[in-house]
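So the structure is just underneath, and the comments pick up after that.
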Amino acid sequence: MSAKTLSAGWTSIGDAQLVLNSDQQVVIDCGDMQVQLTPFANDMVRVRVVPTSQKSERGSWAIAKEQWDLPPHKYSEDAKGITIELADFSIRVTKSPLRIAFLTPAGEVINQDDPAKGMGWDGAQLRVWKEMPQNELYYGFGEKTGMLERRGLAMTDWNYDIPAYTPATDPIYQSIPFFLGMRDGKFYGIFFDNTFRTSFDMGKESDRYYSFGSDGGSINYYFFYGPSPKKVIERFTELTGRMNLPPKWSLGYQQCRWSYYPEAKVRDIAGNFRSRKIPCDVIYLDIDYMDGFRCFTWNKENFPNPKKMVSDLANDGFKFVTIIDPGIKNDTTYWVYKEGAKGNHFVRNGDSSLFIGPVWPGNCAFPDFANTKARTWWGTLYADLVKVGIRGFWNDMNEPSVFDVPTKTFPLDAVHNVDGEKESHAEIHNVYGMQMARGTYEGLRRLKPDERPFVLTRAGYAGTQRYSAAWTGDNVSSWEHMAMAMPMCMNFGLSGQPFVGPDIGGFIGAPSGELYTRWLQYGVFLPLCRSHSVTGSINKEPWAFGEEFTKINKKFIELRYQFMPFLYTEFYKSSTTGVPIMRPLMLEFPDDKTTYRLDTQFMVGGDLLVSPVLEAGSTSRRMYLPKGEWYDFWTREKISGGKWIEAPAPLDRLPLFVRAGAVIPMQQVVQYTDQAPADPLTFEIFPSAEANGSCYEDDGISFGYKKGIFRATAVKVSVSREATTIKMIAARGSYLPSKRSVVFALNGVEQKPKVINVGSEQLKEVGSLSDAAQGWSYDRELHRLSIKLPDSQTGLDLSVQ
Ligand code: MIG
């Protein structure tokens, strides 16, 4: 019957024949297939369809949380169907033909199977068709080129090394089969946890339905109901895991190039940063630091004494990150190859011979990262680099990428040994990079148990944020790519991976000074702030484009460091909620339709709005200010939103706005994150009737914060006609920053105040705050009142009249 509505070769799921309800789940037999509905939480249910004959189930690579306190559900059945009620939504299953619908408690459809198509199979292929309402929009899908909103597009998930991708290229390096659906500001999410080649057709084939499916495995998806988008992301990342708080230095400015060598060149780059006083924390070593591209070796000619180089530059605040690829040179005299072969850690062909493929070092064998023993072995290989003082690791080429074959990867029938079970590369391909990053991360945890690892990966799958940050691969030095990096990173963030960024300035090609500056100008507000460039290209360091640009580039890198307390606080929050650091405006303003397709601006956290300049020769930027009151960061002028404005944007200005009601912690310029503690720690207050904000601090490197060794400082401000009160609440956590001052900078103060009290003590006006231990001063031009005091763990109470 319903099979007829699917195209040739496809078999539709049959009717429900037998239903079994238990505390854990509802199991519906449909002949050959069995549908299992498992509510994991009040707003999340798993839908899995397996052959009735299938006994065992594959574990999931994505899932971080296996044990859930399953919520109680109310079950009822009638002749037509089954209803499962949860606190937040209900599931209605129609028996003939079997169709699944998700409903609000009021009975409105949130999402439902396409009535004609439902779910079906064709050989190993499987697919789910969903009704597509006219006004529904789609976001997420991991790392995708093109626009933020994805309606009308078809996408494939198959990790793929594709340099100089374009807005039309699909797929690229990462696969995160998760998306958000939205109607009238109400959100749901679907995570299709299937590691085979998957595809999503979000209305390209028909404007009546959308669909997702795969070349293998089983139908296995999680449905999340919001209605708030943040709630969906929180639940999705509770399931698939959240970013671990990275070392603070990895939030600093990072300089990369293919490649900085020999040692003298590296020292020259480092020296340039320091002598020009352009802040920088990280220098990368790309493939040329190695001996013939053999991983875990050094080219002794170019780097005769890496330990000395690294420690000399460490004294100057630099941290090194080195690249490590998966390809291990097929060279029986090379220790890594020998160990790998001896331990049987490499991927094999279908006929069980060793799989060998060419990459940078020539013919290579490839570790089987899907195997626990191989992953553990892989982790030990980093010991020497860690001893040399290398602080972070960059896992590239892990789609996996192979030269000289049309598919650019392993044969689909290559064999992975998943701890005793043989699985084809077709099934493992999309998690290979993730498992490489995992091996790296877990290895570093064992090598340095007290230090947070920093890993950067190119390939990944859902959940990779547990192990690694990500960058968007080989982009191009063009205005188009500069603009596209925004939606790419935002969709990445919506898909659970918050620690992302593009190669600032563009990897391939030669940016003009203007393009580089405009890119860096907003790049300093991206979670990962790294400039990188292809081999043979022009120089792309911040000073490479002439004095006019150098000055501006320096100013904006300094601005990132001034915002460091705020950025670090946002990273901390993201590590606890999964909500991304870099956000599309619709995440903050889901009721404002103008934000739904807006991908030329973004928020950092909930309060900072960044509007990059995206065209050559611009001196202003037309941009949208959502409803509410805003402050221009530069002039401190208050502006009402809910409208488009033309923001001034000469070359040295990035349109930057702060939501009224925010308190943003900031600090002085330093040349690298751990050069000096924030002193003073400045709370920039942008009041409406109230203002609230917080600052999270810890030692920036250890796991002590998990035992309470952090300091969380909340500031609450309330404004009335008589007085403005500022409360710094007693600090939470046991971390004690060194002795320092705090400054409360109250913006939007129209007149010089008369009296400022701290507790019952009156504070004096001073000429210059920087020379005084305490006091206040008023800036008439910026309408900004600054109050300086010694810091206090127990809190402070101020009133301004
Ligand atoms: O085949 O290591 O995306 O960032 O500089 C190219 C050399 C290999 C690709 C990475 C790029 C890196 C480059 N790599």
Side-chain angles (χ1 to χ4, degrees), residues 246-286 288-289 302-322 388-392 394 454 456 501 503-505 513 516-517 519-521 523-524 526 528-533 538-565 567-568 652 666-679 700-701 738 770:
K248 192 175 177 186
W249 58 259
S250 65
L251 276 63
Y253 177 73
Q254 312 194 1
Q255 186 65 49
C256 190
R257 178 183 177 88
W258 178 8
S259 306
Y260 290 130
Y261 75 96
E263 175 176 336
K265 179 71 191 174
V266 176
R267 288 185 185 265
D268 175 59
I269 292 293
N272 261 288
F273 276 105
R274 294 299 180 249
S275 67
R276 296 168 187 275
K277 290 202 171 330
I278 300 175
C280 178
D281 266 271
V282 187
I283 295 179
Y284 279 69
L285 298 181
D286 204 331
D288 298 290
Y289 78 90
N302 289 325
F303 296 96
N305 191 348
K307 191 163 186 176
K308 177 148 187 349
M309 174 186 79
V310 168
S311 85
D312 285 354
L313 292 179
N315 291 335
D316 217 355
F318 289 100
K319 294 89 188 164
F320 278 92
V321 174
T322 55
V388 162
I390 304 301
R391 302 293 290 278
W394 172 26
F454 173 71
L456 181 64
D503 288 346
I504 292 171
Y516 188 88
T517 289
W519 201 326
L520 181 66
Q521 210 164 53
V524 301
L526 295 172
L528 180 77
C529 180
R530 190 184 81 139
S531 167
H532 183 32
S533 187
I538 62 161
N539 293 335
K540 297 184 194 169
E541 293 78 26
W543 58 82
F545 300 91
E547 215 25 62
E548 181 200 358
F549 299 106
T550 306
K551 232 173 53 204
I552 303 171
N553 297 342
K554 170 173 151 74
K555 170 177 145 184
F556 278 89
I557 295 176
E558 287 175 347
L559 191 64
R560 181 173 180 93
Y561 284 79
Q562 291 173 289
F563 270 101
M564 195 53 73
L567 286 171
Y568 195 56
D652 64 353
M666 296 184 70
Q667 68 163 76
Q668 79 280 14
V669 173
V670 286
Q671 297 306 303
Y672 48 95
T673 45
D674 45 350
Q675 185 184 32
D679 186 12
I701 192 73
S738 50
S770 46

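Ionic pairing of D674 and K248 is not present here: no N-O contact between side-chain nitrogen and carboxylate oxygen is shorter than 4.0 angstrom. Under 4.0 Å is where a charged nitrogen must lie from a carboxylate oxygen, and between R530 and D503 at least one such pair does.
The structure places OH of Y516 at 6.0 Å from CZ of F545, a figure rounded to the nearest 0.5 Å. Within the model, atoms SG of C529 and CG of L520 stand 6.0 Å from one another, a figure rounded to the nearest 0.5 Å. One distance of note links CG of N272 with CD of E541; it measures 8.0 Å at 0.5 Å rounding. Of the inter-residue distances, the one linking R267 atom CZ with D316 atom CG reads 10.0 Å to the nearest 0.5 angstrom.
Of all the heavy atoms in Q255 and P542, the pair that sits closest is OE1-CD, 3.4 Å. The shortest heavy-atom contact between Q521 and I552 is NE2-CG2, 3.9 Å. Summarising the geometry of A544 relative to N539, their closest heavy-atom pair is CB-O, 3.5 Å, with the distance given to 0.1 Å. Between V266 and L313 the shortest heavy-atom distance is CG1-CD1, 4.0 Å. What you find for Y261 and K265 is that their closest heavy atoms are O-CB, 3.5 Å. Here the closest heavy-atom approach between residue Y561 and residue G252 is recorded as OH-CA, 3.3 Å.
A heavy-atom distance below 4.5 Å is not found between the side chains of F454 and R391. By the 4.5 Å heavy-atom criterion applied to side chains, W543 and N553 are not counted as neighbours. The shortest side-chain heavy-atom distance between Q671 and I557 does not fall under the 4.5 Å cut-off.
Geometrically, R274 engages F318 in a cation-pi contact defined by less than 6.0 Å to the ring centre and at most 45° from the axis.
Partners of N305 by side-chain hydrogen bond (donor to acceptor under 3.5 Å, both in side chains), not counting sequence neighbours: none found.
Checked by atom type, the side-chain pair Q254/Y284 shows a donor-acceptor distance below 3.5 Å.
Each of Y253, W249, Y568 was compared with T673 under the side-chain contact (heavy atoms from CB on, under 4.5 Å) criterion, and only W249 meets it. With E558 as the partner, the side chain to side chain donor-acceptor pair (under 3.5 Å) test is satisfied by one option alone out of R560, K555, Q562, K554: K554.
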